[in-house]
Protein chains: 2
Amino acid sequence: MPSDPVGFEKHDHGACISEAMATAEAHCRAKGLRFTPVRRKALGLLLQAHRAIGAYEMLDRLRDAGFGSQPPVAYRALDFLVANGFAHKIERLNAFIACAHPGASHSPAFMICRICESVAEAHSSPARGALGEAARATGFRIEQTVVEAEGICPACVDKADT
Amino acid sequence: MPSDPVGFEKHDHGACISEAMATAEAHCRAKGLRFTPVRRKALGLLLQAHRAIGAYEMLDRLRDAGFGSQPPVAYRALDFLVANGFAHKIERLNAFIACAHPGASHSPAFMICRICESVAEAHSSPARGALGEAARATGFRIEQTVVEAEGICPACVDKADT
DNA sequence: CAGCACTTGTCATGTTATTTCATTTCTTGT
DNA sequence: ACAAGAAATGAAATAACATGACAAGTGCTG
Ligand SMILES: [Zn+2]
Ligand SMILES: [Zn+2]
Ligand SMILES: [Zn+2]
Ligand SMILES: [Zn+2]
């Protein structure tokens, strides 16, 4: 259970991309999923961008890469990535981002900078805390959670303080 | 189209509506806000429906009530209600719901039934828990949080179990 | 009543997402 | 190898959600 948030620190981007792609490859092979070219390209683009990408921005890039040009092309690829834990949807932004902890089954939480729009992924513990308590008290069966914090990232805080 | 619970429990709906309206009236008077007819009607409709309402459904009803028929009519009224804590946006549904604890400043958390689409509001504690910890660790300054759980409400769990 | 801030109505447009159907590709059982 | 079924793709159309811009109206305040 690493609770290390990912996203605001510098890192070896090339390595982080190839590692995530390799994880996805392995996971798909193990589960018999079809990691098709358009899906692979979509994940590559998300990893490359290293930020939240709207479906239509994704569509533009997929078209540029020679794939179809209609919205379902992007939505289907993104749905696949989200369904299999390689990416997440940021509801607040109506956008998608590559998972920072692929492979591990987890409940993500996101920190979204309203200045620079960077997004960091951390872990949440929906079952614990006030929400889990409310769910148990009422008999609500939680299947999935959206936890997104909006605010100011460390870099933008520094800029603002100057 | 069931109109059911605040939480998921039964309650005196008439009383809950007039109480919330009175709270809003008082709050606006105290703060010098203009609780205009269209805003009042919008809040009344949210309270009446007692579930999450899309902006365009709101627009339909406002038009039926004699107000304007263009999207900004609904969005402006909803923006006012959200900005002043009388309503919340459910990001997961792109829809709006009357606040269950108006007046009190709070960080809401929602439980959304994926079967019947009912929504219950609870309190969340963003500063505590894994998210707050991650924010402190990275230096992220949280301003606002979205906490939404999707799952099955008590009533639908019962139905499913039969 | 003049000036100002705020609100409303409307038109136009922009953005995000889904439905549908025909076709192709892959997988599986024979 | 082949046929049948499942999964994925391409493309057209449409639905659903949201904002920008501008003119006109409303209610304060000096
Ligand atoms: Zn993740
Ligand atoms: Zn930032
Ligand atoms: Zn509330
Ligand atoms: Zn339900």
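Letters A, B, ... mirror the listed sequences (proteins, then strands); counts begin at 1. Please read all numbers here as calculations on a predicted model, not as lab measurements.
Few gaps surround CD on B:Glu150; more than 12 heavy atoms of other groups in view lie less than 6.0 Å from it.
No side-chain donor-acceptor contact under 3.5 Å links B:Arg136 to the backbone of B:Leu131.
For A:Glu143, the salt bridge (charged side-chain N to carboxylate O under 4.0 Å, His left out) partners two or more places apart in sequence, or in a different chain, are B:Arg114.
Residues A:Leu47 and A:Met21 form a side-chain contact, since some pair of their non-hydrogen atoms from C-beta on lies under 4.5 Å apart.
One interatomic measurement links the two molecules: NZ of B:Lys41 to C1' of C:dT8, which rounds to 18 Å at whole-angstrom precision. Between A:Arg63 atom CZ and D:dG10 atom P there is a gap of 13 Å when expressed in whole angstrom units. At whole-Å resolution of the value, CG in B:Leu81 and P in C:dT7 are 12 Å apart. Counting to the nearest Å, the P atom of D:dA18 and the CG atom of B:Leu78 are 10 Å from each other. One can place CG of B:Leu33 at 15 Å from C1' of D:dC28, the figure rounded to the nearest angstrom. Residue A:Leu59 contributes atom CG, which lies 12 Å from atom C1' of D:dG10 at whole-angstrom precision. A straight line from CZ of A:Phe35 to P of D:dA8 spans 13 Å, rounded to a whole angstrom.
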Heavy-atom contacts, protein to nucleotides 10-29 of chain C, under 4.0 Å, summarised as B (base), S (sugar-phosphate only) or - (none) per nt, yield BB----BBBB------S---

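Using modelled atom types, one finds a donor on one side chain and an acceptor on the other under 3.5 Å when comparing A:Glu121 with A:His106.
Counting non-hydrogen atoms under 4.0 angstrom, A:Arg39 reaches the backbone sugars and phosphates but no base.
Ring orientation note: the planes of B:His27 and B:Phe86 are nearly perpendicular, at an angle over 60° on the 30°/60° scale.
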